[in-house]
**Q** 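Before we start, here is the structure in question, set down as structure tokens.
By convention here, the first residue in the shown sequence is residue 1.
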Amino acid sequence: MLSNDPDWWRQAAVYQIYPRSFADADGNSIGDLAGITSRVPYLRELGIDAVWLSPFYPSALADGGYDVDDYRDVDPKIGTLEDFDAMIGTLHDAGIRLIVDIVPNHSSDRHEWFQQALAAGPGSPERERYIFRDGRGEHGELPPADWTSVFGGPAWTRITEPDGTPGQWYLHLFAPEQPDFNWHDADVREDFRTTLRFWSDRGVDGFRIDVAHALTKDLPDQLPSQAELDAMPKDGTHPIWDRDEVHEIYADWRTVFDEYSPPRIAVAEAWVASDRRPRYASAEGLGQAFNFDLLEADFDAAQFREIVTFNLELSATSGSSTTWVFSNHDVVRHPTRYGLPPKAADEDKAGINWLLSGGTEPQLDAAAGLRRARAATLFELALPGSAYLYQGEELGLHEVAEIPDASRQDPSFFNSGGAEIGRDGCRVPLPWTASGPSYGFGEAEAHLPQPAWFAEHAVERQEDDPGSTLSLYRRALHLRRQLQTDETLEWVDVGGDDVLAFRRPGGWVTVTNFGTTPAELPAGEVLLASGPLDGDVLPGETTVWLRD
């Protein structure tokens, strides 16, 4: 059962579920809430503290569910509110908390409010809930600015007015199906307070805030060009990104979170400069913010040490705990990133060029990538703070590159004409069994094609294999709970530029050899290792937990 500890989140292991690709209980090729409920025993055995559930709301899936039609309902293709209640009850009974995604920067273009805005006409209160502007040119035929959306293509789209004439333009920083809210409007602010209470009343323990740094905007009458916009400093005064006034919203949300016992928690997805992150993570605001620094780093001892030291200092500034993450629904899985040649990794840390080639150039060293990923994850799980894991990483899954264009779903692929391959490769449904039409994901083929090599990574192949990646994650997560202590560490000099070691209070020591040359293993009782050890020698690209 769940405790009433208000600090449960500070060093939690949180497992992200992308619901449409986790487990399909009704055989419609799409993962669903009942499928998640059926796999709660698996999650309990894994040893996680919480699930972060990506969007499950009604959606046309123009952006994988991040185009929300209704913030207080469940997409009928993946369940009902009753299914949601059953899922959260089963999770809580298993001692697992639930964090849900909230998408406050934009709704979908099918949202009731946006449809009302289209029907109401210029200057109406309905249009004030979004960001509409008249166009430039003699007849308003040019967009208000030449801005480009995050997903490629124009960031402004023209509508047809109720009388059938070409009309105003609306802003969408992402896909055209995702019109941006106007957060200066009182209706928008009140409606999101209602949404936060709606899910909190149903037992949700916290919220992951999508694009937390983009809600408030200050757009002058004369809009800057894209080049001018890009050149502006992001110091709290930028017209679009990371404005200081966004924290007024989160201070207001904090009053809602604190109505509950224990208080609801929140974590910001805020791609901001490091010195801007503490305000999002402050106790007066959301309470925690994602730290993507390790995700963006090479598998390198010096980089890892610098990042860890810096972020622990940063978390002390905010009073929060830091977060560690290597993979999620938006990036190439880290075994694949680590398996690319060093030159390719330097030029293309995201693995995009490799994806564009269908995973053929440069050549992927899958075994080395997985070995490094296992070592990095064991390093991560020993750090003070929260660890955010992405579904399938416990199976050692690589990115799926060989997806036919006709099967792709990510809008960035279509909006860029294929120049950006998109994020489908990390969203392919999980393999539970080594056979079947969707490797145990469901009774029918999955909504994204699964490669044949998924069979060797299936849960049923790994769960009884003590050397499997799944077994490593299970042992690490359970042992982590026993060893967890104060949110501090002390760096330990064990010799060698490629070997990094730190001690947590109580004598828990973590040693990682980032190089390929074996190193001497420090004295101590071996608790866990990411790969086979050779006596008192620590092989290259291996992490070990010790008790000294």
Side-chain angles (χ1 to χ4, degrees), residues 16-32 35 54-56 58-67 75-78 108 110 149-153 174-178 327-333 335-337 348 350-361 364 366 390-393 395-458:
Q16 182 190 359
I17 290 180
Y18 189 73
R20 291 168 174 83
S21 295
F22 188 69
D24 172 21
D26 62 8
N28 69 349
S29 301
I30 298 171
D32 45 47
S54 291
F56 53 90
S59 172
L61 302 183
D63 181 23
Y66 285 86
D67 47 315
D75 192 318
K77 292 187 290 297
I78 64 173
S108 81
R110 306 196 314 176
S149 81
V150 173
F151 290 152
F174 295 89
E177 296 86 354
Q178 294 170 294
S327 287
N328 61 34
H329 66 295
D330 281 333
V331 299
V332 173
R333 289 184 177 274
T336 298
R337 299 199 312 270
D348 178 27
I352 301 302
N353 292 337
W354 176 84
L355 278 174
L356 284 168
S357 74
T360 60
E361 294 295 337
L364 172 69
Y390 179 53
Q391 66 177 43
E393 70 170 82
L395 304 178
L397 292 183
H398 279 275
E399 189 82 357
V400 179
E402 59 272 35
I403 299 175
D405 290 354
S407 299
R408 293 202 171 273
Q409 300 173 7
D410 195 326
S412 60
F413 174 78
F414 301 103
N415 292 344
S416 68
E420 294 185 24
I421 203 68
R423 301 158 292 177
D424 295 318
C426 65
R427 301 177 178 185
V428 175
L430 298 190
W432 296 91
T433 62
S435 60
S438 58
Y439 298 105
F441 168 70
E443 296 179 357
E445 290 187 0
H447 65 94
L448 280 169
Q450 300 159 298
W453 54 262
F454 259 33
E456 62 189 81
H457 293 273

**Q** Enter the distance from Ile30:CD1 to Leu61:CG here, rounded to the nearest 0.5 Å.
**A** 6.5 Å
**Q** Find out whether Glu443 and Pro437 are in side-chain contact, i.e. whether some heavy atom of one side chain is under 4.5 Å from a heavy atom of the other.
**A** no
**Q** May I ask you to check whether His329 and Tyr66 place their ring centres under 6.0 Å from each other?
**A** yes
**Q** Can you name the closest pair of heavy atoms from Gly422 and Ser412 and give their distance?
**A** CA-OG, 3.4 Å
**Q** Check Ser327 against Arg333 and note the closest heavy-atom contact, atom names and distance.
**A** OG-CA, 3.5 Å
**Q** How many angstroms lie between atom CG of Leu397 and atom SG of Cys426, to the nearest 0.5 angstrom?
**A** 11.0 Å
**Q** For the residue pair Arg423 and Pro411, establish whether any side-chain heavy-atom pair is separated by less than 4.5 Å.
**A** yes
**Q** Under 4.5 Å between any side-chain heavy atoms of Gln450 and Glu445, yes or no?
**A** no
**Q** State, to 0.1 Å, how close Arg20 and Gly65 come at their nearest heavy-atom pair, and which atoms those are.
**A** NH1-CA, 4.2 Å
**Q** Could you go through Leu355 and Asn353, starting from their C-alpha distance and side-chain angles, then the distance that decides it, and tell me whether this counts as side-chain contact (heavy atoms from CB on, under 4.5 Å)?
**A** CA-CA 5 Å; Leu355 278 174; Asn353 292 337; over 6 Å; no
**Q** Check the pair Asp63 / Gln178 against side-chain hydrogen bond (donor to acceptor under 3.5 Å, both in side chains), numbers first and verdict last.
**A** CA-CA 8 Å; Asp63 181 23; Gln178 294 170 294; 3.1 Å; yes
**Q** Do Val331 and Arg337 have side chains that get closer than 4.5 Å, going by heavy atoms?
**A** yes
**Q** Just wondering, do Val428 and Phe454 contact through their side chains at under 4.5 Å, heavy atoms?
**A** yes
**Q** Can you measure from CG (Asn328) to OH (Tyr18) and round to the nearest 0.5 angstrom?
**A** 11.5 Å
**Q** Looking at Asp32 and Ala25, would you say the former's side chain and the latter's main chain have a donor-acceptor pair under 3.5 Å?
**A** yes
**Q** With side-chain contact (heavy atoms from CB on, under 4.5 Å) as the criterion, how do Trp453 and His398 come out once you've worked through the C-alpha distance, each side chain's angles and the decisive distance to 0.1 Å?
**A** CA-CA 10 Å; Trp453 54 262; His398 279 275; 3.9 Å; yes
**Q** Show the nearest heavy-atom pair for residues Arg427 and Leu448, with the distance to one decimal.
**A** O-CD1, 3.7 Å
**Q** Would you say Pro431 and Leu395 make side-chain contact, with heavy atoms under 4.5 Å?
**A** yes
**Q** Please report the C-alpha distance between Gln16 and Ser54 in whole Å, then the side-chain angles of each, then the deciding distance to 0.1 Å, and finally whether the side-chain hydrogen bond (donor to acceptor under 3.5 Å, both in side chains) criterion is met.
**A** CA-CA 7 Å; Gln16 182 190 359; Ser54 291; 3.0 Å; yes
**Q** Anything under 30° is parallel, anything over 60° is perpendicular, the rest tilted; go ahead and classify Trp432 against Phe22.
**A** perpendicular
**Q** Hey, what do you get for CD (Glu420) to CZ (Phe151), rounding to the nearest 0.5 Å?
**A** 9.5 Å
**Q** Kindly give the heavy-atom pair with the smallest separation between Arg408 and Phe414, and that separation in Å.
**A** O-CZ, 3.2 Å
**Q** For the CD atom of Glu402 and the OG atom of Ser357, what is their distance to the nearest 0.5 Å?
**A** 10.5 Å
**Q** Working note: Asp67 + Ser59, criterion side-chain hydrogen bond (donor to acceptor under 3.5 Å, both in side chains); need CA distance, chi angles, decisive distance, verdict.
**A** CA-CA 6 Å; Asp67 47 315; Ser59 172; 3.0 Å; yes
**Q** Could you tell me the separation between the CG atom of Asp424 and the CD1 atom of Ile403, rounded to the nearest 0.5 Å?
**A** 5.0 Å
**Q** Taking all non-hydrogen atoms of both residues into account, name the closest pair between Ser29 and Phe441 and its distance.
**A** O-CE2, 3.5 Å
**Q** Check for a donor-acceptor pair, side chain of Asp24 on one end and backbone N or O of Ala444 on the other, with a separation under 3.5 Å.
**A** no
**Q** Run the numbers on Phe413 and Asp405 for side-chain contact (heavy atoms from CB on, under 4.5 Å), then give the verdict.
**A** CA-CA 9 Å; Phe413 174 78; Asp405 290 354; 3.5 Å; yes
**Q** Start with the C-alpha distance between Trp354 and Leu364, add both sets of side-chain angles, then the distance that settles side-chain contact (heavy atoms from CB on, under 4.5 Å), and finish with yes or no.
**A** CA-CA 8 Å; Trp354 176 84; Leu364 172 69; 3.7 Å; yes
